[in-house]
Amino acid sequence: MKQVIEGSHAISEAVKLARVEVVSGYPITPQTHIIEAISEYCASGELKAKFIPVESEHSAMAAVVGAASTGVRTFTATSSHGLALMHEMLHWAAGARLPIVLGEVNRALGPGWNIWMDQSDSLAQRDTGWIQLYCENGQEAMDTTLFAFRLAELVNLPVMVVIDAFFVSHTFEPVSIPEQAQADDFLPPYEPRIALDPDNPFALFQMAPPNVYMEMRQSIHHAMEHTLDIYDDVEDEFDAIFHRRYGMVEEINCEDADIILVTTGSATSTARQVQMDMEKQGERFGILKIKTFRPFPGELIRKALKNAKKVAVLDRNFSFGSGGIFAQEIKGALQPLSHGPVVFNYIAGLGGRDITPEIISEVYLKTRDRDLPSEGSEWLGLLPHEEV
Amino acid sequence: MESQANVIEKPKTHRLKNNVSLYISKSHASSRINKTGSWRFARPVYENKTAPCSASCPAGNYIPKVIMHLSMGNDHAAFRALIQENPFPATCGRVCFHTCESACNRGSQDQAVAFRCLERFIGDKAISDDFSLDITSLPVNDKKVAILGAGPAGLSAAYFFTRLGFSCEMFESTDRAGGVMQWGIPSHRLPKSILNHEIDRILNMGVKIHYNHPLDSEFMASAQHNYDAVFISPGLSIPLKMGIEGEAHIHQGLALLMDIQQKAMNPQQGRVAVIGGGNTAIDVARSLKRLGADPVIVYRRRKQDMPAFDEEIRETEKEGIDILELKSPVAVQESAEGLLLKVITMAPVSEKGGDGRTRVIPVENTTETMVFSEVYSGIGATLHDAWNPAPAPTDSTIYLDHVKFNFKEIPLIYGGDCVNSVQSVTHAIASGKEAAIALSAFFNSGIETVQKTVDTFRVGAGKALSMEIYLNGQRENDSSHVVVDTEINRDYFISEPRIDPGHILPETAVTSFDEVEKSYTEEEAMAEAQRCYQCGFCNECDNCRIFCPEISITRQNGKKVIDLDYCKGCGVCSVECPRNAITMKEEK
């Protein structure tokens with residue numbers, strides 16, 4: 001049944017449908033609606049879960065780490081500074097191989113205080129061992145959350161479901177909400193491979209000296225690679241029930257396109273519109289939407305981009321002293337090609353600034369009109385300002 | 001019937017299995033070889049501390065322990081804990097001015113715990129359910145003590161002397177025991193059946209009492225030969241004079257209160273003045289109201305300076321009794337219309353008097369005359385001439401907090417209102433207890449040990465003494481540290497207002513001497529008890545055991561034991577103790 005709900009609540013609904021057993025949460029804009037709705041489900045009994053209110057995001061993650069260690073399905077959500085505060089426990093969750101699902105709403109970090117859309121928070125956590133899935137709209141947020149539990153439990157890795165602040169989190173859209181029976185069909189009861197049991201005590205996560213640590217890290221790496229291997233199969237399962245699939249990447253008219261624009265999140269929707277509008281004017285470009293950032297689907301990306309002449313990566317994030325983060329990764333992914341496309345890197349939409357159709361047109365035209373990119377990244381849509 | 005369209009083709013789900021690489025640190029070997037206790041630089045110690053209520057209670061009531069039992073519905077155990085320190089729970093539960101509530105840490109969260117009402121509940125329950133008096137006592141010794149005056153101090157002295165093994169004989173000048181509780185406090189505040197029950201409980205411990213016995217110097221002289229010690233608590237029975245013109249026309253309020261207890265009273269009428277601002281004035285005014293008069297309280301200072309208890313003042317006003325503040329009587333004259341009371345208006349000045357109270361001075365040319373049918377004085381009382389001046393202190397007089405310990409051939413101990421700076425039933429109880437401990441110390445080890453002994457048995461570092469500590473009860477292990485509100489873990493206490501026991505309506509109240517304040521129900525008492533933090537007192541809530549991350553706190557034979565091989569001194573138990581009953585002590 002379709003209902004008009006906001007993106008945050010699409011995630012909350014999916015958490016309810018997933019029959020999560022323990023939820024912890026600490027409020028932070030723009031994530032709070034997710035946790036708020038779930039706490040109400042817990043209070044009303046709609047969701048039979050233990051809701052643990054905590055005093056910080058560090059504790060929010062610690063609480064679900066503890067709960068997940070006992071073999072139950074867990075969820076928490078956060079954003080921006082909250083995610084940054086969670087950083088240490090993110091490493092723990094992945095190192096402990098716990099299939100925790102985290103709702104993450106992309107928001108800028110301060111100072112200057114900014115509660116709006118920016119990917120810097122989640123991308124700064126790229127090396128923690130978490131799977132990261134970026135969503136374009138409310139429906140994808142709902143589907144990806146349900147999907148995330150299944151994926152996490154198949155590969156024993158935690159999954160971050162990432163949505164754009166306000167553009168997705170606070171936007172009301174029609175979302176198809178599955179029946180509980182359908183959700184149950186897709187997501188079987190969690191069968192943990194490790195679960196603390198007072199009747200059969202053992203120690204977990206203790207000291208790992210040099211003679212074992214490296215292999216443990218490699219096991220996480222293997223799990224990430226395994227994720228790439230089985231991702232399609234899990235989507236098959238999802239598709240069989242819900243008749244929707246997203247792919248780790250989505251190619252939108254990339255075939256024979258000389259120029260391919262690489263996007264993530266809700267900016268993809270704007271790009272889809274610009275693509276249609278420009279086609280009427282005889283201008284043609286492809287779009288490659290990247291959904292899975294970790295594990296990074298390098299091979300799929302290489303396949304999608306290898307025949308293009310130019311690739312324009314639109315980054316809604318920035319790694320200071322280097323460049324856009326997606327652009328870095330894509331350059332790395334294209335490296336094995338002997339005659340790969342030229343990569344242009346554009347920075348736009350930081351701290352909640354709109355990525356308008358005009359900006360996307362500008363990205364296209366600037367790429368079309370030049371043979372080579374300028375050194376480093378190009379910042380678009382900047383406004384006049386006075387410096388101190 | 002389900003439509004065709006809704007039938008979903010059963011998908012081939014759950015074919016994927018988790019066969020991912022999974023290598024983590026996990027071991028079935030015991031980690032007990034790692035004795036985390038070796039990391040410790042501070043150890044948790046179960047250490048009960050002193051609650052501020054107990055420290056401020058003149059009788060030294062062990063309030064957290066009383067409340068622990070009450071909050072669990074164990075009324076008899078609550079009574080046993082209370083009666084250890086205070087022989088008059090039902091009485092104090094009505095008339096005490098409850099310093100415990102002013103000191104209550106809960107006050108800074110929402111409102112103080114209503115311990116006075118809880119004390120009354122326990123006292124009444126002990127009477128209605130005839131709880132046995134299971135108190136610790138010492139074996140009977142060969143010493144005989146005479147007690148002069150069967151007021152609250154004398155009766156308390158009898159109670160504590162008897163428990164310490166002394167044989168007591170009481171001498172009372174009137175025909176009843178109870179002193180000011182009997183004839184001074186009106187029945188609407190303290191029903192006499194309740195009081196007499198508590199008096200009888202003491203007398204039934206084997207105390208001999210002689211009524212209508214003159215307490216003169218002749219008797220004093222003989223007592224010194226016939227007893228090993230004398231406790232003297234004559235009370236203040238002589239009303240103070242106002243020293244104004246026409247004083248002969250003023251009735252004594254105390255005499256009125258006594259009459260009400262002793263004989264049928266004629267109805268009164270007309271506007272009546274009651275002069276004073278203490279509890280006597282209040283009691284006289286409220287009694288006159290009940291007799292049919294229209295009393296007005298005339299007080300020379302401001303209302304906020306009145307020594308009467310705040311709640312008594314509130315109830316008085318609710319009953320429709322006016323309080324004229326800053327009016328000082330200067331003369332009373334008879335006239336055809338009635339008594340003319342001349343008063344002068346007073347004004348507060350910024351400098352304080354010697355007693356720390358705001359001074360008032362007369363305002364020139366403000367004399368006015370008021371007409372009353374009667375004028376009563378309720379300004380207080382003093383010692384009877386027989387005791388006044390009190391015997392001159394000798395070298396061997398020890399001034400303790402609540403008694404004067406005089407040694408002349410035998411110990412003569414003065415207690416109660418004639419010694420105490422605050423004249424209250426609770427202070428009188430303190431006199432009785434202090435006298436018993438002091439006398440015991442005197443006979444055990446001589447006069448030079450009296451002060452030191454008394455100091456040893458203080459509740460906290462305050463003036464109150466504990467009989468439970470003296471008799472080697474569990475309370476002796478309590479630290480003297482008085483818990484402050486910041487030491488309470490407020491996360492465990494939800495704010496909720498204190499429970500009002502309720503009062504009969506003022507318009508009904510003034511028609512009889514029936515008790516005005518109502519009693520808690522069992523449910524109300526338990527709910528109010530559960531508001532109490534039980535500061536510094538381990539009530540076996542088990543939080544420490546539940547929170548210990550090393551699982552090094554266990555319960556063995558009903559007692560908690562800390563396994564120091566594994567306690568790493570993290571202090572979580574101490575922090576999660578809601579009431580500061582665990583102290584972290586540095587390892588030496």
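Quick caveat: nothing in here was measured; it's all calculated off a predicted structure.
- A salt bridge links A:Arg19 to A:Asp184: one of the charged nitrogens lies within less than 4.0 Å of a carboxylate oxygen.
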Can you give the donor-acceptor pairs under 3.5 Å from side chains of residues 568-581 of chain B to other protein atoms, not counting sequence neighbours?
from     : atom 1 : to       : atom 2 : distance (Å)
B:Lys568 : NZ     : B:Glu550 : OE2    : 2.7
B:Ser574 : OG     : B:Ile582 : O      : 3.2
B:Glu576 : OE1    : B:Tyr492 : OH     : 2.5
B:Arg579 : NE     : B:Tyr533 : O      : 2.8
B:Arg579 : NH1    : B:Asn539 : OD1    : 3.2
B:Asn580 : ND2    : B:Glu487 : OE1    : 3.2

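- By the side chain to side chain donor-acceptor pair (under 3.5 Å) test, A:Ser219 is found to be paired with A:Arg97, B:Ser21, residues two or more places apart in sequence or in another chain being considered.
- Between A:Phe147 and A:Phe238, the ring planes are perpendicular. Angles over 60° get that label, and only those under 30° would be called parallel.
- For the options A:Ile194, A:Ile230, A:Asp236, A:Thr227, heavy-atom pairs under 4.5 Å to chain B are most numerous at A:Ile194.
- A salt bridge does not link B:Asp478 with B:Lys65: every distance from a Lys NZ or Arg NE/NH1/NH2 to an Asp or Glu carboxylate oxygen is 4.0 Å or more.
- Of the two parts of A:Glu153, only the backbone, made up of N, CA, C and O, holds a non-hydrogen atom closer than 4.5 Å to a non-hydrogen atom of chain B.
- For chain B, the option among A:Gln206, A:Glu215, A:Met207 with the highest count of heavy-atom pairs below 4.5 Å is A:Gln206.
- Heavy-atom pairs under 4.5 Å with chain B were tallied for A:Arg193, A:His222, A:Glu191; the largest tally goes to A:Arg193.
- Looking at A:Ala96, only its backbone comes within 4.5 Å of chain B, counting heavy atoms on both sides.
- Between chain B and the residues A:Ala203, A:Ala208, A:Ala223, the largest count of heavy-atom pairs under 4.5 Å involves A:Ala203.
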